[in-house]
2 protein chains.
Amino acid sequence: MSTSRTSTPQTAGAGARSTLTRARVLAEAVALADSEGLGALTMRSLARELGIEAMSLYHHVASKEDLLDGVAEVVVREILDAVGALEPAPEDTPPAEWKHALRRRILTARSVLLRHPWAPSVLETRTGFSPYVVRYHDALVALLHRGGLSYDLVHHAMHALGSRALGFSQELFDPGGPGGDPAAAPEPDDEDLLARLTDEAPHIVAMLAEVAHVEPDSTLGWCDDQAEFEFGLDLILDGLERLAARGSR
Amino acid sequence: MSTSRTSTPQTAGAGARSTLTRARVLAEAVALADSEGLGALTMRSLARELGIEAMSLYHHVASKEDLLDGVAEVVVREILDAVGALEPAPEDTPPAEWKHALRRRILTARSVLLRHPWAPSVLETRTGFSPYVVRYHDALVALLHRGGLSYDLVHHAMHALGSRALGFSQELFDPGGPGGDPAAAPEPDDEDLLARLTDEAPHIVAMLAEVAHVEPDSTLGWCDDQAEFEFGLDLILDGLERLAARGSR
DNA sequence: CTGTAAGCCTTACGCCGTAAGGTAGGCCCC
DNA sequence: GGGGCCTACCTTACGGCGTAAGGCTTACAG
């Protein structure tokens, strides 16, 4: 890797590999978060990974916050690419298919986020307007409006979807969920936990006893996140469809 | 040194004010987060507020993480108290009223969280099973099941509600939202922002132009969070009701 | 040849959470 | 009533964080 000839006279113009760019910094940051968790993404560790010193990063990002903004942008762009590869533009989608088109887009977004489990917690904390996030949402708005929903209803719809629009929803009780640190699997002695639950939350225990995919006497197996996500999403989409059908609102 | 009489012989028994307890530590932590934001809640600043040294806190909480667990618990207990003061127990609620009962409970929870804007971001990161969180959710499960929903449907319902069950939902683009630091109001020159939006997100701009409570040429006024929260909540509740009506699912 | 700017490095500061250990008073039990 | 122990506090110190300030080299422009 470039070892020899450190003083190559190349202008570092086009595809120079040895020169660091913001894009390369961000890519490495994403890779680091993927492999070591969000907590391991520090200026120092990122620099180490890139073979430079921490302070040198500041020539490519303004601050750690800016780094995280950039990282979020990379992820959203990845979503945009994935969606673009599968979906026609909103204008080329038959209006009547808005619901399925929306559904597919959102599930595609989700599939990208599943590759970056730490991403939701980063996206949650970015309140700014990344151009890519905006563009993504704009396509959803277009789809809904072309589907016949009034802008008023579209507006409500976007709020109702919330973070679901980007493919995630935070769930209370979700061990190892969107937290980011894969090493943090809180596993207190499940015996005690179940015993506590049984008298503190009898109805929950009764429910879990009945719902198929969990045997309450085993270690708490968790839910089928994908199925649950789709259930909630469909509940909202169906509700929107009904509201749309009975004339705007 | 508490000024006079440092060696008061009182046994620090019942309601002694001078002795620190975990409860007092947690109460002060909540107060500090309320007034200065979550970012200002550090072991050192909390100790300063209590007139002790940082390390002394470790006699009452095991770690910062434990402190945050405790803080979350305080908030949830506050929710439980508020709900308990207004609502009959699930067993005393007519089954047919499940939807309204659930709605009221959740909106009560929300009203508590509005007093602690930083609380959602703490609750989001607690993956453990606080007894109070569990108890709260258990009551919701009871209400739903007594209302005639199968446990299977109840289970889906809890997932669909997600954090909404506790009264919040994260929204992308929500300046000064559940972040926690009240001092961080990102206000980039709104002129530029709107200009950028206009060509990056024409549909969003069109929507905002039409939706009543925002004049797009003014500084971006934000949405009526409460109304939007209720819209999303009702969408889900109505959908659940419909599913319940046509027999389990 | 000189000026300037970019890209990287060194050093250092003030935060953070917390490990380790010290001390002073109150309690129990012999 | 005296020795030991427990509790609640303190002091000191460590390693890690983000980053301010400034220095050194190299590449290119005039």
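Computation of the quantities below employed the complete heavy-atom set of this structure, encompassing side-chain atoms and omitting hydrogens, waters and symmetry-equivalent molecules. Lettering of chains follows the sequences in order, A, B, ..., and the numbering in each one begins at 1.
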If an axis is fit to five pairs at each end of the helix from C/dC1-D/dG30 to C/dC30-D/dG1, what is the angle between the two, to the nearest 10°?
-> 10°
Rounded to the nearest 0.5 Å, what's the gap from OG1 on B/Thr125 to CG on B/Leu68? Could you check?
-> 6.5 Å
Rounding to 0.5 Å, atoms OG (B/Ser130) and OH (B/Tyr136) come to a distance of 13.0 Å
The complete set of side chain to side chain donor-acceptor pair (under 3.5 Å) pairs with one or both residues in residues 45-55 of chain A, sequence neighbours excluded, reads A/Thr42-A/Ser45
When the distance from CZ of A/Arg24 to C1' of C/dG7 is rounded to whole Å, what number comes out?
-> 14 Å
For B/Arg164, check side-chain hydrogen bond (donor to acceptor under 3.5 Å, both in side chains) against everything at least two apart and list the hits.
-> none
Under 3.5 Å, side chain of A/Ser163 to main-chain N/O of A/Phe168, donor-acceptor pair present?
-> yes
Find out whether A/Asp66 and A/Ser63 are in side-chain contact, i.e. whether some heavy atom of one side chain is under 4.5 Å from a heavy atom of the other.
-> yes
N/O donor to acceptor pairs below 3.5 angstrom from side-chain atoms of residues 71-78 of chain B, sequence neighbours left out:
| from | atom 1 | to | atom 2 | distance (Å) |
| --- | --- | --- | --- | --- |
| B/Arg77 | NH1 | B/Tyr132 | OH | 3.0 |
| B/Glu78 | OE1 | B/His116 | NE2 | 2.9 |
| B/Glu78 | OE2 | B/Arg115 | NE | 3.4 |
| B/Glu78 | OE2 | B/Arg115 | NH2 | 2.6 |
| B/Glu78 | OE2 | B/His116 | NE2 | 3.3 |

Given atom CG of B/Leu46 and atom P of C/dC16, what is their separation to the nearest angstrom?
-> 12 Å
d(CZ, A/Arg48; P, C/dC9) in whole Å = 14 Å
Nucleotide-resolved protein contact map, nucleotides 10-15 of chain C, B/S/- at heavy-atom distance under 4.0 Å | BB----
Counting only N and O atoms by type, is there a donor-acceptor contact under 3.5 Å from the side chain of A/Ser56 to the main-chain atoms of A/Ile52?
-> no
Between C/dG17 (P) and B/Leu68 (CG): distance, integer Å = 9 Å
Would you say A/Leu161 and A/Leu166 make side-chain contact, with heavy atoms under 4.5 Å?
-> no
Atom OH of B/Tyr58 and atom P of C/dC16: how far apart are they, to the nearest Å?
-> 11 Å
Main-chain N/O of A/Leu20 paired with A/His60 side-chain donor or acceptor, under 3.5 Å | yes
Just how far, in rounded Å, is C1' of C/dT18 from CG of B/Leu57?
-> 12 Å
Rounded distance (nearest 0.5 Å) linking atom CD1 of A/Ile79 with atom CG of A/Leu123 = 6.5 Å
Atom CE of A/Met43 and atom P of D/dC17 are separated, to the nearest Å, by 11 Å
Of the residues in residues 59-67 of chain A, which ones touch DNA chain C at a heavy-atom distance under 4.0 Å?
-> A/His59, A/His60
